[in-house]
Amino acid sequence: MATIIKRPYGFQLPVSHKLLPKDLWAAFDTREAAEQYGRQPEGLLAQGIVPAALVERDQSENEIWTVHRCIAEYLRHNPVPLSDQKLLKAVMPSLEKISIRFLDYDWAEGWFCDRTWAMLSRSVR
């Protein structure tokens, strides 16, 4: 079985196989739920069968998730301290139209450096 990773929000299970076009990740509240889920696709993939649920996930390319949508969903489903809510709402306008498909480490580093540079240049004036 794939390695189940403990995260602050629960447990994450990577699903990786040569029959899949790309690795998939699933999140669960409990380790038991992740283990139970992992056994099914693992068994089918070992037999050369790609579960329909994994293929359907890849076909939902039409649905665009933006950073704004992710932040809004996170705020709706998780208890977030007021100070963090204010911070997220402050950065949302600059990120609202960015598709999460384009996010990676380089993008995040560039975004952070741009904000830091802008803040420093304002304080020097």
Side-chain angles (χ1 to χ4, degrees):
M1 174 174 291
T3 303
I4 296 172
I5 303 163
K6 172 73 173 120
R7 299 285 188 208
Y9 51 82
F11 295 86
Q12 196 172 39
L13 172 71
V15 179
S16 177
H17 195 275
K18 63 183 178 183
L19 294 175
L20 297 174
K22 63 181 180 181
D23 293 351
L24 301 171
W25 294 81
F28 302 90
D29 293 331
T30 65
R31 176 176 285 281
E32 294 75 28
E35 290 171 352
Q36 182 180 0
Y37 176 84
R39 282 190 284 275
Q40 180 187 11
E42 185 178 72
L44 291 171
L45 288 167
Q47 297 173 42
I49 301 168
V50 179
L54 298 182
V55 175
E56 290 168 7
R57 283 179 139 180
D58 196 42
Q59 294 173 349
S60 65
E61 299 291 328
N62 301 349
E63 186 177 12
I64 298 172
W65 277 74
T66 61
V67 174
H68 182 274
R69 182 176 177 187
C70 291
I71 292 172
E73 287 293 318
Y74 183 83
L75 289 171
R76 190 163 57 108
H77 293 285
N78 295 285
V80 178
L82 185 59
S83 60
D84 290 350
Q85 289 179 32
K86 289 179 179 181
L87 176 62
L88 288 170
K89 288 179 181 178
V91 299
M92 267 203 281
S94 66
L95 302 172
E96 64 187 353
K97 295 188 192 289
I98 298 172
S99 170
I100 61 169
R101 179 180 290 176
F102 301 111
L103 302 184
D104 60 12
Y105 177 82
D106 292 332
W107 179 90
E109 183 178 45
W111 183 84
F112 180 79
C113 289
D114 288 348
R115 297 307 170 276
T116 304
W117 181 254
M119 184 178 70
L120 289 173
S121 63
R122 275 184 273 172
S123 65
V124 171
R125 291 181 195 167

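Every residue two or more places apart in sequence or in another chain was checked for a side-chain hydrogen bond (donor to acceptor under 3.5 Å, both in side chains) with Gln40, and none qualifies. Judged as a salt bridge (Lys or Arg N to Asp or Glu O under 4.0 Å), and not counting sequence neighbours, the contacts of Arg76 are Glu73.
Using a 4.5 Å cut-off on side-chain heavy atoms (C-beta onward), Tyr37 and Ile4 make no contact. Between Cys113 and Glu109 there is a side-chain heavy-atom pair separated by less than 4.5 Å. Side-chain contact between Val67 and Leu103: present, with at least one pair of heavy atoms (C-beta onward) separated by less than 4.5 Å. Put simply, the side chain of Phe28 reaches to within 4.5 Å of the side chain of Leu13, judged on heavy atoms. Counting only heavy atoms from C-beta outward, the side chains of Leu44 and Val50 never approach each other to under 4.5 Å.
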Apply side-chain contact (heavy atoms from CB on, under 4.5 Å) to the pair Asp106 and Trp111, showing each step before the final yes or no. CA-CA 9 Å; Asp106 292 332; Trp111 183 84; over 6 Å; no
Step by step, would you call His17 with Val15 a side-chain contact (heavy atoms from CB on, under 4.5 Å)? CA-CA 7 Å; His17 195 275; Val15 179; 5.9 Å; no
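In this structure, Ile98 CD1 and Thr66 OG1 are separated by 9.5 Å, a value rounded to the nearest 0.5 Å. With values rounded to the nearest 0.5 angstrom, Ile5 atom CD1 is found 10.0 Å from Arg31 atom CZ. To the nearest 0.5 Å, atom OG of residue Ser99 and atom NE2 of residue His68 are 14.5 Å apart. Remark: Leu87 CG to Ile71 CD1 distance equals 9.0 Å, nearest 0.5 Å. Here the CD atom belonging to Gln12 is positioned 11.5 Å from the NZ atom belonging to Lys6, to the nearest 0.5 angstrom. Atom CG of residue Asp84 and atom NZ of residue Lys89 lie 12.0 Å apart, to the nearest 0.5 angstrom.
Across every non-hydrogen atom of Gly38 and Pro41, the tightest pair is O-CD, 3.6 Å. Of all heavy-atom pairs between Ile100 and Cys70, the closest is CG2-SG, 3.6 Å.
The main-chain N or O of Tyr74 is found under 3.5 Å from a side-chain atom of Asn78 such that the two form a donor-acceptor pair.
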